[in-house]
Structure formats: structure tokens, C-alpha cells
Undergrad: 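Shown below is the structure under consideration.
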Amino acid sequence: MISVLEQRAAQIHQDGRSPFAMDCEKHSVAGSVSQRACVFCGSRVVLYPVADALHLIHGPVGCAAYTWDIRGALSSGPQLHRMSFSTDLGEKDVIYGGEPKLYQALVQLIDHYRPKAAFVYSTCIVGVIGDDVGAICRRVEAEKGLPVLPVHSEGFKGTKKDGYQSACAALFQLVGTGATDDISPLSLNILGDFNIAGETWLIRNYYERMGIQVVATITGDGRVDDIRRAHGAALNVVQCSGSMTHLARMMEDKYGIPSFRVSYFGLEDMSRALYEVADHFGDGQVRQRAAELVRDEVAAILPDLRRYKKMLRGKRAAIYTGGAFKAFSLVRSLRTLGMKTVLAGSQTGNREDYRLLRELCDEDTILVDDTNPLELAKFVQEKEVDLLIGGVKERPIAYKLGIGFCDHNHERKIGLAGFEGLRQFAREVHSTVMSPVWRLVPRRRRQQPARAANDVSTASLRPSCAGECSACDLPDCSIPAGQEILP
Amino acid sequence: MTTRTANPVSGPFVATRNACKLCTPLGACLAFAGVEGARTILHGSQGCATYIRRYMISHFKEPVDIASSNFSESATIFGGRDNLQDGLANVTRQYQPAVIGIATTCLAETIGEDVGMYLHEIRSQASPDGPALPPVVHVGTPSYCGTHAEGYLATVHALVSQLAEDGSQRDHINVFPNMFSPADLRYLKEIGADFGLPVTLLPDYSDTLDGPTWEEYQLIPQGGTPLAAVRRTGQARSSIEFTWVHGEKASAGQWLEEHFGVRNHRLPVPIGLRASDALFDVLGSICDRETPARHAAERGRLIDSLIDGHKYLFERRAVVFGEEDLVAGIVGLLGELGVHPVLCASGGDTGRLRSAIARLVPDQADRIQVRQATDFADLEELAGDLKPDILIGNSKGYWLSRRLKAPLVRIGFPIHDRVGGARLLHVGYRGAQQLADRIVNTLLESLQEQSDEGYSYL
Ligand code: SF4
Ligand code: SF4
């Protein structure tokens, strides 16, 4: 029997009828196998895609070795970000201090690789051996004439979220140091997309087709010089709730750049993002182009979506993501495919996120914050799911139990954002949920007769638009009536 | 993937660029995973445990649950005793483990955590109504001393030195493998059984890290060396261990010989024909038996197949990288195939790789470049001029292979870009057979690809 740890009970919401009070934003419980990593991990994911910067990880070798080339963040030019650089501290450095090694390593790497900037990540033991990383960075910056930015990311000093903040603080030091003369008033920065499998390129292309200049993509396919002039953009569009809001806020305070958050996953969220941007600029032409774009893109994927939906209708999914905002989009996307979300959770959601998730999901959907493998396994079994969406660490839980899996994390090689991304998502989900291998699995063989009897009827899905938004002919489309998807 | 610009600096790089090693606690986690009913806690902050889990999951494609005592800032300042206590209690409650392994991360080591003392205190102060703690084995694994290979051996050593019991001698032998694959471990057990020898293999993650699907989720995957068997390692007739590069300090076999008089046989990793012969000879001498017919037949087929492939192998140039023991083992095999290992490299730094190679292939040693404490960026710069025909090592050599346009034969750990890493066989006659076939076929494939005309026979 799998039991839930007492200290964790408040971070799980199981009963739709009981009042909603969910704990979150806590340090992980000791001895609970948290799926979270550390502060450093948060910083590293955010800054990793800056392709022409040097990323030097100050500490023993592991923190760098485990993050070598593990993310699918692509660059259209330099590939320096894909190298893993570590000061690889040895026993002597730990005893006598790592500053000399850090200095030498930095100078040598900068001379050799000629980056546009350098990020120096402090890991746990740097926080206790007392190296003055800031001072070394300033010294090298003065000597070499390029920004050398300390990233305070000692693993034990908080959670992944604090790592996002440190990354934003480092980025913010770059912003405002470049020229902004040729920037159009119709311009924006894309924040919080990491160009996994080229997603930033896709989104950038959408905005450009609308007639909007993209100044900087932070950090997907990121470049130091673009970030330096990001303060010249008229708008910050922020995806990935947790990681980039902090930077947007600082840019708003200092440069008066407004921002709002969007998601590029799923029909509704993707369309909404483009319309909101168009509305922000209040330009008729931009609005017109957005409408055309949405119409064309939706038309291109509809036939496939319809086909997939027919096959996936009524299947049950569990979602466990890093940030909570992505979970919202996934619930909606699954609904577009006729599927039901029976378990949803995230590593770093806040109370407001979970309240929204609660509203978005069905009454009996289980919500979890910072869960562990045993809890996930327990709920996934109890809810008899057909699909688990998560990252590499969650995959074996699904496979061991004979359940389909879809990778929605940064390791993936398949673009899932944008309209085209939804088609790929549908294909991904379809290729795992419908695979004949599950018929060979002991658990499934036993479960099948039972499932046939009480299969989720489509009636239990959220009320659909029922054709009220006339323009869309997606069967049982889940977009709320009145929400304009097609012009 | 290296972005290279003009103006290279002279001298070796101070920084490690694309490490060809992993950190010490990873080895500890692997070893603990091979003990029945064991759960591991990494004493330190959360990230290390999560990163190591992900790294192992990507290779084994199995659940790998590693808990963390999850240091916060205050634990880092005032010590992690309470965290450890909570961690132990929570792991016991959730997993009901038969044994808990504790390995320290760099952070805990740097602030000088005394895990032994904590454990003593925690046990003596345990409240009678709390869950009873299972046996706990702890090992110090600061990553700034050594690599994952050292962490693995230190953990086997810790298991034996903290659990083994004296007693009258029994029939079984101990086998302490190196960082072998689950398939290797299964095969070693098979060999032992065919000799009619009861074998205690420690660790044995052949089932825990390569198991079937489940009907119900298992708190801890089935399999592993039973605790009782670990205790009985002190009563074995002899021990066999496979390392030529790691010193006596890390040796479980040596420890048992010193403390309980269990005779230790220290062998090279049994990769290739002669190194496998050494293993079969020792097994035969222990139980006074000839090599069982089935294995003698496999040996015969191996030699026969090497003859089939010898021309395609002779003097082809190979670059070999990975853990030092593994590299030495592969060099032994290559020596038998006639392949010239132009460069042997490891991120490990025992200082004994060269001498191990010299013992294995004495006539070749002076024309083999050996690099220790190296990384993949160094390797790339070195290997380019050597024009290798083939690379042999783990899947992190993918970039090297792509840049040098030389095919990579994937062996060892990690295999992150293919399925089936856990099922690769390296050791014994059968392992040599499979490796040799893969090496020769990889070379044949690249010859075929390079051919303008194409051909469909040899
Ligand atoms: S701190 Fe040490 S134990 Fe943790 S990941 Fe880094 S090298 Fe490994
Ligand atoms: S040492 Fe600290 S920074 Fe590095 S992985 Fe571990 S928790 Fe994260």
C-alpha cells in the first residue's frame, strides 16, 4: 500500500466537495523523493539557451556534468551554450578557496571561446567555502571588457523558483546596455520561451507575420546583444509563469514596459496570446493579420485534430509539470482532444495557480504540489489513467504501470507550442495512448473488463461550445462559447 | 559542438569542459540500488539527488527513487542532523526499506557533517512508538575526491565493512563486480551457477534496474543482494573482485581478507578472452572444476568468430573512453582483436590506468596514448589528429563521434541516446563475443557507407 506522508497531506487536494485550501511554495520534505531539483537548476534552465554566452558552473563537477546538453533548446547560430564548463573544484580548492581557479578558468575560457558575456553559477559548496564570486566577476569584466555576471544559485538557498529569480537578476544587468534606435513602436520581447525544438522560431514567425518586430527572445535562441537592447521593446509577452515574471516586473519598473502573461500551448491559449498582443497595440491592421493567421493555422490542423479526437475521446490523463501555467494549457489541449484530466500538479505552482487549476478541472480531479514518485504512482493507479504527461523522471512511473507517456519537459525534441505544435502534441499523445503494447501489460489485461463497464462517458467532459461559436467545426470543441477563435 | 575561435591559449584548461566523469554519490546510488529492499538518502541538498536520479533513469529506463535530506540554509549553517533524522523517518514510513544507504554530497562533506555520530544519536534517542529504523549503511562521497567509480567501490566497501559478520566458513564465494550492466550481472550469476558455486554478488541490480512491468506499483523494485547475504560475505570461502586501477582502500575483498581471512582474488574486469580466462581459471580453481562445457563452447565460438573478423579489425584505430577499469578492459579486448587503441582516456584520476594497460597489452603499451583526468573537449582536440576509425565508450561520446565522423560503439554507462543500455553485455566470453561482433560490424558498416559503388556481400 502506498501511503502519503503526513507532512505532505496539505499539498494534495483530492476531494472536489471539500473547501479548497492547498499548501504550496514550501521547501521539499526531507526524505520525500521530490521531483524538484534545486536553485541552480532553476537558474540553469532559464539562462541555458543564451547561445553566445559562456556558462561556467563554479563548484564540483556533478552540477555541471548532469546539465551537459540535456535540453532541447536550439540556437540558430552559436552553440556555446551546449558546452558544459565546470571549475571542477578539488579537495585543495575546497580547503583553500576556489577563487584562483575560478579566475584562471574564466580568463582562459573567455580568451578561447570569445563569448559575448559570461554567466558564473555558484553551486552549493561555493556558498559555504566563502568565495567572493562577485569580486572575481568584476575583476574579469574589467580586464576582458565583457559582462561577467554572477548567478547566485547555491542549491540549498531556496527552491527552483529562487533560481529563476537569480537568473532574471543576471539578465536584468544586461538589459539597458544596448542601442535601441531602430526599434519600431510595434515591437515586443518574447519572454519565457526556451526554443525547445525550435518553438521560439515558430512564435517569432507568428508575431512577425502580424507586423510586429521581435526585439529579443529571452532566452530561447537568445543572444547577448539582443538582451542588451530589450528595453527598447514596447511590450513584454511572458510565457512560463514562474521563471520570467520577475524580469518583466523589473523591466516595467525601470523602463515602463508593460507585460502580460500568455501560453503558446493549445488552440485557445495560442490564439488568445496573438489576439491579446494585437489588442494591446490597438492597430487594426495587426488585428486583421492576427485573425487571418489564426484562421489559416487552425484550418491547417483541424482535419488532423478531428481524426485524433475520434480515437482519443474519453481517455484519461494525468499531468505533472514544472510550472503550473503549462498545466492550464495542457488541461485545455487535452480537452480539445476529447480527453479528461484526472490528476494535475506542478513542482512550483502558487496558491493562485492551484485555485485556477481547480476551477479549470473537473470536481474530482486530484491536485498535487511538489509530489513524489510514490504519490504519483498511487493516484495514477487509483484514477486508472491512460496517459501521464511529465518529464523524464516521471516516465518510468507510467511505463512500469503500463501507461502511456508524453514528455512535455525541456528535454523533448518535438515542438509542442503553436498551432503546429498542437498537431504534434496530438500525434504524440495518440502514438502512446493507442499503442498495442499496452495490451501485453499485465495490469492492463486485468483492468480492461472493468474499464469497459465504467468508461468515462463524453458527457462527463466539460460542456462544449455545442456549435455556438459557429465558425469552428471541431466536434465538441471545448472553447467556451463567445470566445473568438475564428474571425 | 565545440565552438572554436582563433587565438587559442596554450596550456591545459583549468576548467573541465564536457566532463568525462560523474560525481561520487552517483556511484553510491548505483551500488545501493543492488541491495535488496534498500533505499538511498543523499545527505545534502535536493538538487544532487534529483540530477542523479534523472541521469540514472535516462540510462536504465526504470524508476530510481533517491531521497534527499534536503538541506536548507539553516541546515547548512547549524548542521543537518534534524534533516537526516526526518529523512530517515520519512523514508522508513513511505518505503519500509530493509536497509537504508546514506551517501553524502559535497555540501555535507564540506560543512563537516559527522553522519556516523548523527546515526548513533538518532538511534539512541529514537522514541519507542516511532517506526523502527532498519539497518543503515553510510558512506562519505565528497565529489571533490574521486569520481562515480570511486563512489561505487567505496559503497561496496562500506556495505561489507559495516554489515559483514564473522562466522565459520561456508560454501559460497563473494563476487564484487565493477560498474557492470544488469545483463553482465545476470551472466556472472549464470556462470557461478554453472560451476555449481553459490555466489553472493554484491551489488546485484540486475533485477532492480532492469525489471518487468508491474501490476501494482512497487515501493521498492524486487531483487538485489539480500541483507543476510551481505552479512554472510564475512563467511565466504573466497572473494573475487574486478579492478586493476583502484587501490586497496576501496577494496571490499581486501577488507574481508584482512578482517575475516576470506581469500581475495583481484582480477582485471573480465572483458576480452584472456581476462575472461582469468575469471574462469579462478572459479575453476576455487571449486576444482573444469570450465563447464557450455562456457568452453562459447569460448571456442568466440575465437572462431574473431578469426572471421580479424582482417577488418587489424590495425584499425580506436579511441576508448570511460571509467578507467572499463577502458583498461576494452584495451585488453582490442589487443586480442588487433585493433590499435590510439588513445585511451578517462575523467578518472587514479594514476593507474597506464600501468593497468601495460599489464594487459605489454607489447602495445608504448604506442598507446593514455589520458587521465581528461574531458571530452580535450579528447576532441587530441583525437582529431589521430584519425580514429572507431570510438568505443558511453553515449556522451556522441558529439565526439559526430565531429570526428567516426562511428561510436556504445558501451558502459550512460547510454542516454539509445534504448537497452541495461542489456548490453560486456563481460565474459559471451560479452567479448557481442562486443567483438558490434565492433567489427560497425567498422564494416562505415566501410560500406564510404564505398562509392556499394556492395551487399563481403
Ligand atoms: S554537489 Fe557534489 S554531489 Fe552534488 S551534484 Fe555537485 S558534484 Fe555531485
Ligand atoms: S550541489 Fe547544490 S547546486 Fe549542485 S546540484 Fe546539488 S543542490 Fe544543486
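Residue numbers begin at 1 in each chain, while the letters A, B, ... track the order of the sequences.
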Undergrad: Is the backbone of A:R395 close enough, under 3.5 Å, to the side chain of B:K61 for a donor and an acceptor to pair up by distance?
TA: no
Undergrad: Determine yes or no for a side-chain-to-main-chain donor-acceptor pair under 3.5 angstrom, with B:N83 supplying the side chain and A:A30 the backbone.
TA: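 No, because the side chain of B:N83 does not come within donor-acceptor range (under 3.5 Å) of the backbone of A:A30.
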Undergrad: Is it the case that the side chain of B:K21 and the backbone of A:G62 share a donor-acceptor pair, with hydrogens and angles ignored and the cut-off at 3.5 Å?
TA: no
Undergrad: Can you name the residues of residues 93-101 of chain A that have some heavy atom under 4.5 Å away from a heavy atom in chain B?
TA: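 The stretch touches chain B at A:V94, A:K101.
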Undergrad: Just by distance, with hydrogens left out, do B:R17 and A:Y113 show a side-chain donor and acceptor under 3.5 Å apart?
TA: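 Result is yes, a qualifying pair exists.
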Undergrad: Between B:A377 and A:M83, what is the shortest heavy-atom contact and its length?
TA: CB-CE, 4.2 Å
Undergrad: Most heavy-atom pairs under 4.5 angstrom with chain A, which of B:T76, B:L88, B:T24?
TA: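 The answer is B:T76.
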Undergrad: Is chain B contacted by the side chain of A:E154, its backbone, both, or neither, given a heavy-atom distance below 4.5 Å?
TA: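 Answer is neither: A:E154 stays 4.5 Å or more from chain B.
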Undergrad: Is it the case that the side chain of A:Q108 and the backbone of B:V14 share a donor-acceptor pair, with hydrogens and angles ignored and the cut-off at 3.5 Å?
TA: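 Indeed, once roles are kept as given, a pair shorter than 3.5 Å links the two residues.
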Undergrad: How close do A:F156 and B:S45 get, heavy atom to heavy atom, and via which atoms?
TA: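 In this case the closest contact between A:F156 and B:S45 is CB-CB, 3.9 Å.
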Undergrad: Calculate, to the nearest 0.5 Å, the distance between atoms OG and NZ belonging to B:S58 and A:K393 respectively.
TA: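 Spacing of OG (B:S58) from NZ (A:K393) equals 9.5 Å.
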Undergrad: Between A:W68 and B:F376, how do the two ring planes meet: parallel, tilted or perpendicular, split at 30° and 60°?
TA: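 Ring orientation of A:W68 relative to B:F376: tilted.
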Undergrad: Give a yes or no on whether the backbone of A:Q381 and the side-chain of B:E216 come within a donor-acceptor separation of less than 3.5 Å.
TA: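 Here the side-chain-to-backbone pair does not exist.
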Undergrad: With a 4.5 angstrom heavy-atom cut-off, is it the side chain or the backbone of B:S68 that approaches chain A, or both, or neither?
TA: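 Just its backbone gets close to chain A.
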Undergrad: Name the region of A:E411, side chain, backbone, both or neither, that has any atom closer than 4.5 Å to a heavy atom of chain B.
TA: side chain
Undergrad: Quick check: closest heavy atoms across A:G31 and B:A67, and the distance to 0.1 Å?
TA: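 It is O-CB, 3.6 Å.
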Undergrad: For B:I66 and A:V33, which heavy atoms make the closest approach, and how far apart are they?
TA: O-CG1, 3.4 Å
Undergrad: Specify the closest pair of heavy atoms between B:Y144 and A:I125, including all atoms of both residues, with the distance to one decimal.
TA: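 In this case the closest contact between B:Y144 and A:I125 is CD2-CD1, 4.2 Å.
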